[in-house]
Amino acid sequence: MDFTGKVAIVTGSGRGIGKAIAMKLAENGATLVINDVGDSAPAEQTVSEIKNLNRQAVAIMADVSSSADVTKMMETAIAAYGKVDILVNNAGITRDQLTMKMTDEEWDKVLAIDLKSVFLCTRAVLRPMLKQRSGRIISMSSVVGIIGNAGQANYAAAKAGIIGFTKTIAKEVASRGITVNAVAPGFIDTPMTQVLPEERKQALMANIPLGYLGTPRDIAETVAFLASEEARYITGQVISVDGGISLGKL
Ligand code: NAP
């Protein structure tokens, strides 16, 4: 996989899966736009690790659930590097709660950051990608968007929404050489899952046929493949990278 000359934006890439994706794309030659919200230190750290690989990178702080922030981020990215070839919609949060007790705020926040952001960032890159008649859009869904999970109705709705969105945009832009896919990770060892209680982790592990949590790198390898020329004939798909957890139990 060779991304020399390609410009990639990875949202939420200061840490976790997003950082691993950014590093993998950079290792294979891409120029990176690193995005995060809040404290800029993790994003700047990712930028400096990419520069150590002799690749170009810039950090752009933006809340991807804000239309104004996304517009500004894309304008800054285009001003810096002239184009966007690859968009990875990775930023996401959880606010778990049983539905009966879930507040409007918990619902709205997860839908805004996990789903609306995917619409905002995708819409923002479509015009330049349509013009250049090429592009790759990859969004982070989840096994939870496919099989559900008690206590995550907001997250499951957002992650399932990404799947419908992905298939629709794939149809809208296929004639212009742009592919649009989703990746559905299972349980991956990142700050998002490190907060789970140990007994919950053990219970999860018992449901993973491969018997262990995935790593951010496992997800990055699949995202990089989907972003590559080698994957040019794959569009509108959801690729599960989950140790088999979505197979379910008999
Ligand atoms: P993580 O470690 O919590 O990292 C999420 C990143 O997104 C952080 O850098 C965070 O920045 C950033 N972010 C949050 N809100 C943002 C916003 N409004 N605008 C811009 N950036 C924002 O999560 P992860 O585990 O790497 O997950 C990455 C993606 O994979 C998410 O979409 C998640 O739903 C999905 N996923 C994860 C798993 C898993 O097991 N870990 C499984 C399935 C799917 P701050 O640090 O500043 O908050």
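Computed from a predicted model, the values in this text were never measured in an experiment. Indexing begins at 1, ligand by ligand and atom by atom, following the structure's order.
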> Which of the numbered atoms in ligand 1 are below 4.0 angstrom from a heavy atom of P191?
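Close to P191: 2 (O).
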> Could you walk me through whether S65 and K116 pass the side-chain contact (heavy atoms from CB on, under 4.5 Å) test, one step at a time?
CA-CA 6 Å; S65 66; K116 187 181 179 191; 5.5 Å; no
> Using atom types as modelled and distance alone, determine if a side-chain donor or acceptor of E221 lies under 3.5 Å from a backbone N or O of I219.
no
> Answer with side chain, backbone, both or neither: which part of S141 has a heavy atom less than 4.0 angstrom from an atom of ligand 1?
backbone
> Mind running side-chain contact (heavy atoms from CB on, under 4.5 Å) on V84 and I78 for me, showing each step along the way?
CA-CA 7 Å; V84 178; I78 300 271; 4.0 Å; yes
> Answer whether the closest heavy-atom distance between the side chains of S66 and M73 falls below 4.5 Å.
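They are not in side-chain contact.
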> Show the atoms of ligand 1 that are less than 4.0 angstrom away from any heavy atom in D63.
17 (C), 18 (N), 19 (N)
> Mark up the atoms of ligand 1 that fall under 4.0 Å of a heavy atom belonging to K159, in ascending order.
31 (C), 32 (O), 33 (C), 34 (O)
> Any N or O on V64 sitting closer than 3.5 Å to an N or O of ligand 1?
yes
> Quick check on contacts: which atoms of ligand 1 are under 4.0 angstrom from a heavy atom of F187?
40 (O)
> So is there a nitrogen or oxygen of I17 less than 3.5 Å from a nitrogen or oxygen in ligand 1?
yes
> Can you check whether R15 has an N/O within less than 3.5 Å of an N/O in ligand 1?
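In this structure, R15 places an N or O atom under 3.5 Å from an N or O of ligand 1.
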> Under 4.0 Å from a heavy atom of N35: which atoms of ligand 1 are those, numbered in the order shown and with their elements?
20 (C), 21 (N)
> Could you tell me whether I188 and ligand 1 have an N or O pair separated by under 3.5 Å?
yes
> Taking 4.0 Å as the limit for heavy-atom contacts, which would you say applies to T94 with ligand 1: side chain only, backbone only, both, or neither?
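No part of T94 is near ligand 1 at this cut-off.
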> Quick one: which ligand 1 atoms are inside 4.0 Å of a heavy atom on G186?
38 (C), 40 (O), 42 (C), 43 (C)
> Is there any N or O on P185 that sits under 3.5 Å from an N or O of ligand 1?
no
> In ligand 1, which numbered atoms sit nearer than 4.0 Å to a non-hydrogen atom of T193?
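What qualifies from ligand 1 is 39 (C), 40 (O), 41 (N).
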> Pick out which of T122, T11, T166 makes a side chain to side chain donor-acceptor pair (under 3.5 Å) with N89.
T122
> What residue and atom, counting heavy atoms only, is the protein's closest point to atom 10 (C) of ligand 1, and at what distance?
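Among all protein heavy atoms, the one nearest atom 10 (C) of ligand 1 is D36 OD1, 3.3 Å.
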